[in-house]
2 protein chains.
Amino acid sequence: MATRTHSVEDYLEAIYFLAFPVGEYGPVVKAGPAPAARVAEMLSVTAPTASEMMKRLEAEGYIERTGRRPLLTEKGRHEAERVVRNHRIIERFLTDFMGYSPAESHEHADAMGDAFTDEMVERLAERLGHPDRCPHGWPVDPSHEQTENQELRALAAVPAGGRATIVRLAEHDGDLLHWFYDRGLVPGTEILVEDVAPAAGELRVRYGDTAMAISEKAAGGLFVRLAP
Amino acid sequence: MATRTHSVEDYLEAIYFLAFPVGEYGPVVKAGPAPAARVAEMLSVTAPTASEMMKRLEAEGYIERTGRRPLLTEKGRHEAERVVRNHRIIERFLTDFMGYSPAESHEHADAMGDAFTDEMVERLAERLGHPDRCPHGWPVDPSHEQTENQELRALAAVPAGGRATIVRLAEHDGDLLHWFYDRGLVPGTEILVEDVAPAAGELRVRYGDTAMAISEKAAGGLFVRLAP
DNA sequence: CATCCAATTTAGCCTAGGCTAACATCGCCT
DNA sequence: AGGCGATGTTAGCCTAGGCTAAATTGGATG
């Protein structure tokens, strides 16, 4: 199933993404760069392959390395934000025009990114009415993302009795994304944390007509805004 | 300007295309396979590169070679027709949804072909209302193309005094395509051949409010249906 | 038949992106 | 201080798709 081959852009996207970890990956919960090993893991390449690319990214001025953590330079961050933005608009194209489910859009969007130039993505955005969120709730403009982060937390960090609204779904794991959508855990859903069982590593939640237990791992991928 | 890198599919498309030459390239005027050198030329690769790929195409059962002309096998023809069909639907997507001009759509369509799976192209066709022609007048379904060929001829082969309607524009040369569109020589245009000057290698034509001379080369890329 | 140009092929090399195996470090913990 | 697992790097090799330079082959023509 040849998991295709990755360009500089894919690595930058991964590094950008990993700069704001949550649980194992992703934004909000705690912050700071992740080692190259996480990048390798995320892109399903081996350590030497990632190592080689890191060397190149540094040589070309996209990252700096103090210790073992890759730090995006201005250039690298701009490039990464461009790629992320394109990715999110393409996801909206896949859902809004092509009729794919959000989870499916995620699977196709990376490959499409290589085919669309920036100019084409701008046209897409125009035709789609300038959407401001990707199907999973992330802001199309990554700079808004960081502002918004302050108001959000992972569901895993909501105390018992807390009420919250799902704003974004972690995208790093396609299977987890499917799992969310299969259960109606989508942006906009209001959810109540009935009980927290850290020993069991799970939370009991209620939303709509459903009551269920969610593992801490899964709850780490649901980013919510607490009800006032 | 790194003219990107070509896959098996691109070579098959070129071979398919060259199987019905007109003037230097393209369908209708005379028929029969073209040597690999033409394929190389069309894809802007060197002869050894094309030669190498021919070897591979033969080994994988896409072509047979008697003499120096590559002959598409059943497998090869099916594959080529699939690629051509996808290409034409993608061109319609680029004009109808993305808002590109026909000439621009041609420039982008090849790169896009790699990003869209067959399933995605089917969806595209559906969303676009199942178009039956590409923007340059070619049938989306290549099998219709060959039937229709019998009713068409190149403008270069229309005798003085002949009236005809432009049905298709040759796509092999992006610059020529631009030239046609810049002058309003588009599918549907009715055109009168006033005079033929073989010595000068040109025809005098009239269409709409325009009267002009067209080189035989350009006229070889305009495929027309003669008025009864 | 000889010649000559076009077409093709061989040989050798290159780049991007991967891989495995083996070695080198880091840093945390007892 | 020593251990040891997680990280990172080196070395060597691979595939796809290109390239140039230098043979070869084929066919049309004088």
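This is a predicted model, so every value here is computed, not measured.
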If you check the [X] side chain, which of [options] turns out closest?
{"X": "B:K55", "options": "D:dG8, C:dT8, C:dT10", "result": "C:dT10"}
{"X": "B:T5", "options": "D:dG8, C:dT10, D:dG17", "result": "D:dG17"}
{"X": "A:R65", "options": "C:dA7, D:dT7, D:dT9", "result": "D:dT9"}
{"X": "B:E52", "options": "D:dG17, C:dT10, D:dT7", "result": "C:dT10"}

Could you tell me whether the phosphate oxygens of C:dG17, OP1 or OP2, come under 4.0 Å of any side-chain nitrogen or oxygen in A:R4?
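Checking C:dG17 against A:R4, no side-chain N or O comes under 4.0 Å of OP1 or OP2.
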Below 4.0 Å: OP1/OP2 of D:dA16 and any side-chain N or O of B:R56
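For D:dA16, neither OP1 nor OP2 has a side-chain N or O of B:R56 closer than 4.0 Å.
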Going by side-chain contact (heavy atoms from CB on, under 4.5 Å), name the residues that satisfy it together with [X], two or more places apart in sequence or in a different chain.
{"X": "A:A14", "answer": "A:V39, A:M42, A:L43"}
{"X": "B:R127", "answer": "A:F97, B:R123"}
{"X": "A:A213", "answer": "A:E202, A:R204"}

For residues 78-88 of chain B, which residue pairs qualify under salt bridge (charged side-chain N to carboxylate O under 4.0 Å, His left out), counting only residues two or more places apart or in two chains?
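Pairs touching residues 78-88 of chain B that pass the test: B:E9-B:R82, B:R77-B:E81, B:E79-B:R82, B:R82-B:D118, B:R85-B:E122, B:R88-B:E145, B:R88-B:E171.
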Show every salt bridge (charged side-chain N to carboxylate O under 4.0 Å, His left out) that has at least one partner inside residues 50-60 of chain B, sequence neighbours left out.
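Listed by first then second residue: B:E52-B:K55, B:R56-B:E60, B:E58-B:R65.
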Distance in angstrom units between [X] [atom1] and [N] [atom2], rounded:
{"X": "B:M54", "N": "D:dG17", "atom1": "CE", "atom2": "P", "result": "14 Å"}
{"X": "B:L12", "N": "D:dG17", "atom1": "CG", "atom2": "P", "result": "12 Å"}
{"X": "B:M53", "N": "D:dT15", "atom1": "CE", "atom2": "P", "result": "15 Å"}
{"X": "A:R38", "N": "D:dA6", "atom1": "CZ", "atom2": "C1'", "result": "9 Å"}
{"X": "A:Y11", "N": "C:dA16", "atom1": "OH", "atom2": "P", "result": "14 Å"}
{"X": "A:E41", "N": "D:dG8", "atom1": "CD", "atom2": "C1'", "result": "15 Å"}
{"X": "A:M42", "N": "D:dT7", "atom1": "CE", "atom2": "P", "result": "16 Å"}
{"X": "A:D114", "N": "C:dA16", "atom1": "CG", "atom2": "P", "result": "16 Å"}

Before giving the answer on side chain to side chain donor-acceptor pair (under 3.5 Å), spell out for B:H136 and B:Y181 the whole-Å C-alpha distance, their side-chain angles and the decisive distance to 0.1 Å.
CA-CA 10 Å; B:H136 320 301; B:Y181 284 112; 2.6 Å; yes
Atom pairs, N/O to N/O, protein against nucleotides 20-26 of chain D, distance under 3.5 Å?
| unit_1 | atom_1 | unit_2 | atom_2 | d |
| --- | --- | --- | --- | --- |
| D:dG26 | O4' | B:R68 | NH2 | 3.2 |

Is A:S105 reaching over with its side chain to a backbone N or O of A:T95, donor-acceptor style, under 3.5 angstrom?
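Side chain of A:S105 to backbone of A:T95, a donor-acceptor pair under 3.5 Å: no, none is there.
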